[in-house]
Chemist: 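What follows is a structure written as structure tokens; I'll ask about it next.
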Amino acid sequence: MYQRQFQKIQPQTTAHLAQTMTLLNMNLGELNQEINRALNENPALVVKEERRCPTCNYILHEGQICPICTRPRSSAENESIVFISPRGEFVPKNSTSEDEIFTDENMGSEEISLEEYVLRQVVSDLEEKERIIAAYILNQLDEDGFFKEDISEVASYYHVSVSTIEAIKRIIQKADPIGIASASPEEAIKVQLDELRENGEVPETYLEIADRYLHQLLKKQYKEISQELGIPIQEVIGAADYFGKNLNPYPTRAHWGTFRQPAAEENKVYSNPDVIISHLNNDPAQPLLVEVIIPYISFLNINPLYTQAIKEANEETRNELRSDYEKANLFIKCLQQRNNTMQRLLERISRLQKEYILKGEKYIQPLTRAQIAQELKVHESTISRAVSSKSVQLPDGRIIPMSLFFDRSLGIRAEIKEIIAEEKKDDPLSDSEIVKILSKKGFDLARRTVAKYRLMEGILPAHQRRNQKR
DNA sequence: CTATGGCACGGATT
DNA sequence: AATCCGTGCCATAG
């Protein structure tokens, strides 16, 4: 039964292909939404009551990680174990250090809900009547904590002015997951930036960037922004870096706490990872566990009543039902194929980049998407889509974009960091000196490039590094 | 004069 | 076809 579904992956209709591509392009959050949408739209789709491991078909109990898949096979003892894991009551590996995370799943019954948590913070600032409105707003938040309703509608419903609602909303936005109840990620960012500005210095230009160029910033179009604003590009990159470290476009997904690891990565803030890599039982001696996370609701099935109904229906309704049935069928197949591709992709990545995963940036292997595509016998663009906008949680708890596995510069950047960390503090190395040292170590690159990497790592130019702390 | 950053080009990657 | 990235050249700051 199970095998038959997988064999069907080969013959691809255009519709199949197109939809698979779309699904592949999505990260966990988007996939979740998509599945919900499909469930609403198509009555032929239902959630399976019986939950099976998507990888090996073993029957799973509630919130369980598949015991078959996580049992290392003797032949694979040194290999990573890659499997698809449903997003149930999943306990993050680093639950010791990763404390408060406000995902929907984590809001167990003992803890108070996010709504209540926020409400408790704001009650003291609000009048009785306003509290009701605040509670209403909090109840209407979507899964990312955004409030997307039209404020004027709410206002007329409660017979108060729009500005009253806005005032309440503003108070809520300043509560602990700062930026909650915003209408969009952009707005959340602005609120957070505002808050930061009250506590300290935030350059004027940052505000402007946040205000108008956020979208481009996320797409890393630094050049364009710097041109339009007429400011140096490094300032834009600086802003990106600053935003990445201090702001969170999806305030409910995770807090940033006071400080994350100072060795922060790229400029984007990542939410729930699409892939979690950890050690079995958290024991570094054990093999690597690579979980490709899928939404728990993706245990989809064709509504059995449908099959029945099709047989009994008359000509006209039958065709209608058929089309739903086909769509549902297709959707499930596409999901399976997405999972299959992701799994195979991660199998390769985790094998090739094992050293990097375990020991850090220095050990990254040069790798291109084309190379993997060839090995897996899929089109390059497939890999591209599978990698883009996905994030991976490493055993040390860091969450990185999946594209980093394909970043050639990462290893060299680590090398540069190391060199600079070891330099004499009273005699900093200039970029060209670094080039010389690197070439001795076998890295061949231009002086100009070192400067760029240095900038990316947020390291100041040599003369400004003189006699600085750390 | 040296070190660094901006801009723009071309080749690689997606 | 579009985008990203390394590099060379030039301007400018130090």
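The model shown is predicted, which means the values in this text are computed figures rather than measured ones. Just so we're on the same page: letters track the sequence lines, and every chain starts at 1.
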Chemist: Quick check for you: among B/dG5, B/dT14, C/dC5, whose closest atom lies nearest to any side-chain atom of A/Arg408?
Modeler: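 For A/Arg408, the side-chain atoms sit closest to C/dC5.
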Chemist: Does A/Lys169 pair with A/Glu187 as a salt bridge, N-O distance under 4.0 Å?
Modeler: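 Here A/Lys169 pairs with A/Glu187 in a salt bridge, since their nearest N and O are under 4.0 Å apart.
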Chemist: For A/Leu445 and C/dG8, what is the distance between atoms CG and C1' respectively, to the nearest whole Å?
Modeler: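 Rounding to the nearest Å, CG of A/Leu445 and C1' of C/dG8 are 14 Å apart.
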Chemist: Mind calculating the distance between CD (A/Gln371) and C1' (B/dA12) to the nearest angstrom?
Modeler: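 Taking CD of A/Gln371 and C1' of B/dA12, I get 15 Å after rounding.
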Chemist: Examine the side chains of A/Asn25 and A/Ser388 and answer whether a donor and an acceptor come within less than 3.5 Å of each other.
Modeler: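 Short answer, yes.
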Chemist: Starting at NE2 of A/His379 and ending at C1' of C/dA1, how long is that distance when rounded to a whole Å?
Modeler: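 These atoms are roughly 13 Å apart.
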Chemist: When we call it a touch if two heavy atoms are under 4.0 Å apart, what does A/Ser384 touch: a base, just sugar-phosphate, or nothing?
Modeler: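 It contacts sugar-phosphate atoms only.
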Chemist: For A/Phe405, does its backbone N or O pair with a side-chain atom of A/Gln353 as donor and acceptor, under 3.5 Å?
Modeler: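 Yes; at least one donor-acceptor contact below 3.5 Å.
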Chemist: Measure CG/A/Leu404 against P/C/dC4 and give the value in whole Å, please.
Modeler: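 Those two atoms, CG and P, are 15 Å apart.
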Chemist: Which part of the nucleic acid does A/Ser409 contact within heavy-atom distance under 4.0 Å: base, sugar-phosphate only, or nothing?
Modeler: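 Sugar-phosphate, no base atom in range.
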Chemist: Classify the nucleic acid contact of A/Ile383 as base, sugar-phosphate or nothing, counting any heavy atom under 4.0 Å across all strands shown.
Modeler: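 The residue A/Ile383 makes no contact with any strand.
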Chemist: Give a yes/no answer on whether the side chain of A/Tyr453 brings an N or O atom under 4.0 Å of OP1 or OP2 in C/dC5.
Modeler: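 The answer is no; no side-chain N or O of A/Tyr453 sits under 4.0 Å from OP1 or OP2.
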Chemist: Using atom CD of A/Glu457 as one end and atom P of B/dT4 as the other, report the distance to the nearest whole Å.
Modeler: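 These atoms are roughly 16 Å apart.
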Chemist: OP1 or OP2 of B/dT13 less than 4.0 angstrom from a side-chain nitrogen or oxygen of A/Thr368, does that happen here?
Modeler: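 It does not, given that no N or O in the side chain of A/Thr368 lies less than 4.0 Å from OP1 or OP2 of B/dT13.
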Chemist: Please tell me which of the listed nucleotides, B/dG5, C/dT7, B/dT14, lies nearest to the side chain of A/Ala451?
Modeler: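 Taking heavy atoms from C-beta onward, the closest nucleotide is B/dG5.
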Chemist: Grab the CD1-P distance between A/Ile459 and B/dT4 for me, whole Å please.
Modeler: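 Rounded to the whole Å, the gap is 12 Å.
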Chemist: Check this for me, if you would: do A/Arg52 and A/Glu50 make a salt bridge, where the nitrogen-to-carboxylate-oxygen distance has to be below 4.0 angstrom?
Modeler: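 Here A/Arg52 pairs with A/Glu50 in a salt bridge, since their nearest N and O are under 4.0 Å apart.
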Chemist: A/Arg385 near the nucleic acid: base, sugar-phosphate alone, or nothing, with a heavy-atom cut-off under 4.0 Å?
Modeler: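 No contact.
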Chemist: Are A/Arg448 and C/dG6 close enough that a side-chain N or O sits under 4.0 Å from OP1 or OP2?
Modeler: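 Result: no.
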Chemist: From the list C/dC9, B/dT14, C/dC5, which nucleotide is the closest neighbour of the side chain of A/Arg369?
Modeler: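 The listed nucleotide nearest to A/Arg369's side chain is B/dT14.
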Chemist: Would the base of C/dG6 count as contacting A/Arg447 through its side chain, where contact means a donor and an acceptor less than 3.5 Å apart?
Modeler: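 No pair found.
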Chemist: Hey, are A/Arg351 and A/Glu347 close enough for a salt bridge, meaning a charged N less than 4.0 Å from a carboxylate O?
Modeler: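 Looking at A/Arg351 and A/Glu347, the cut-off is not met.
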Chemist: What is the distance, to the nearest angstrom, from the CD1 atom on A/Ile372 to the C1' atom on B/dT13?
Modeler: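 So the two atoms are 14 Å apart, to the nearest Å.
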Chemist: Atom CG of A/Asp431 to atom C1' of C/dC9: distance rounded to whole Å?
Modeler: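 After rounding, the reported distance stands at 16 Å.
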